[in-house]
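One structure below.
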Amino acid sequence: MDGLQLRGGVVRYGSTTAVAGVDLRVRRGEVVALLGPSGCGKSSLLRAVAGLEPLAAGELTWDGADMTGVPVHRRGFGLMFQDGQLFPHRDVAGNVVYGLQMAGMPRAAQRERVAELLDLVGLADYATRPITALSGGEQQRVALARALAPRPRLLLLDEPLSALDRALREHLATELHDILRAAGTTALYVTHDHDEAFTVADRVALMRTGQIVQTGTPAELWAHPVDAEAARFLGYWVVQEAGRTLAISPHALTVAPLVEDDGAGHIDPDSHLLQGTVVSVGFARGRTTARVAIPGWGEQTATADGATCLDAGSPVRVQVEPRGVVEL
Ligand code: ADP
């Protein structure tokens, strides 16, 4: 068995069970995301893998060798947190070189490796900058370079982008994906953000109350959420229709003004046409959106066709894109 293997992992804090018997594999070269709502046990699981929390039960191996009793610094794993925890009194290169100095690497090799890493994270010209002169996103790139420098056999990342604003997070998630692949890194990535998990990871393990409820590639999870709660967590809108549970993708709905010919009686879910009423109108990312109330289904946001004029209170027809609907 190559890479990381956890079987029946349990983490407890007194009487609280944070991780309740989890099986997890991370193969060499693979990036696996632990995705789930706050408090579901992601960090506890990651910390147990790092050796920062003891396993109350279970078996943890790397390449088949038992890791349970191995102290944190002997596991050969790297760590990166939400707050990069950089050394403020060292410059950028001084931070990246830290682990290499600790490992006793010769100076010339240190310099070469630092340059390589700064190049990899897009900060080639930043070597002598003070940490305090960097933006939040730049600081996290330095933290990533520092964590990658000693070539950890497994990189553990705990919400590394959570402190950044949404736009930067989206941008850096894509970069992280590319950097981890370019470095051939094996990684376990904790996040509560499904978009981030789907962007960064090869496989996603969906957690809920201390357990992994589903594991798969982003495409597999999106195509077949294991249940309604999983679907909702991934961003689907879940509705009941004629005894069926339907998960509807947030991008599957478009609205257009209701025209006489449609006649409410002809509008039904099997034809993927519904009737609704506009609650409010907004504008996001260059597109007009409408919050629509659909009888029996509740309220949801839909995209408006092109130059459609919509007013609050007006009746509309709602087109449901069939490919955006999953029956659970
Ligand atoms: P997540 O990372 O998914 O937000 P955590 O692993 O941080 O979840 O927490 C899982 C559960 O364990 C929560 O109920 C949390 O309150 C509890 N917990 C986490 N750390 C501690 C701690 N040091 N002492 C006591 N309870 C903790």
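Since we're looking at a predicted model, the values are computed, not measured. Both counts, for ligands and for their atoms, begin at 1 and track the order of listing.
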Q. Residues two or more places apart in sequence or in another chain: which of them pass side-chain hydrogen bond (donor to acceptor under 3.5 Å, both in side chains) with R323?
A.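 For R323, the residues satisfying side-chain hydrogen bond (donor to acceptor under 3.5 Å, both in side chains) (neighbours in sequence not counted) are E321.
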(Q) Just to verify, what does H171 make a side-chain hydrogen bond (donor to acceptor under 3.5 Å, both in side chains) with, not counting sequence neighbours? (A)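 Checked H171 against side-chain hydrogen bond (donor to acceptor under 3.5 Å, both in side chains); matches are E175.
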At less than 3.5 Å, what protein N or O atoms come close to the N or O atoms of ligand 1? Include the distances to 0.1 Å.
from: ligand 1; atom 1: 2 (O); to: S43; atom 2: N; distance (Å): 2.8
from: ligand 1; atom 1: 2 (O); to: S43; atom 2: OG; distance (Å): 3.1
from: ligand 1; atom 1: 3 (O); to: G39; atom 2: N; distance (Å): 3.4
from: ligand 1; atom 1: 3 (O); to: C40; atom 2: N; distance (Å): 3.1
from: ligand 1; atom 1: 3 (O); to: G41; atom 2: N; distance (Å): 3.0
from: ligand 1; atom 1: 3 (O); to: K42; atom 2: N; distance (Å): 3.0
from: ligand 1; atom 1: 3 (O); to: K42; atom 2: NZ; distance (Å): 2.9
from: ligand 1; atom 1: 4 (O); to: G39; atom 2: N; distance (Å): 2.7
from: ligand 1; atom 1: 6 (O); to: S44; atom 2: N; distance (Å): 2.9
from: ligand 1; atom 1: 6 (O); to: S44; atom 2: OG; distance (Å): 2.5
from: ligand 1; atom 1: 8 (O); to: G41; atom 2: N; distance (Å): 3.1

Q) Quick one: salt bridge (charged side-chain N to carboxylate O under 4.0 Å, His left out) pairs with a partner in residues 68-90, sequence neighbours left out? A)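 For residues 68-90: none.
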Q: Give a yes-or-no answer on whether the side chains of S280 and R291 include a donor-acceptor pair shorter than 3.5 Å.
A: no
Q) Distance only, no hydrogens: is a donor on one side chain within 3.5 Å (strictly under) of an acceptor on the other, for T245 and Q240? A) yes
Q.
Looking at D227 and R208, is there a salt bridge between them, counting it only when a charged N and a carboxylate O are closer than 4.0 Å?
A.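 Counted as a salt bridge, because a side-chain N and a carboxylate O are separated by less than 4.0 Å.
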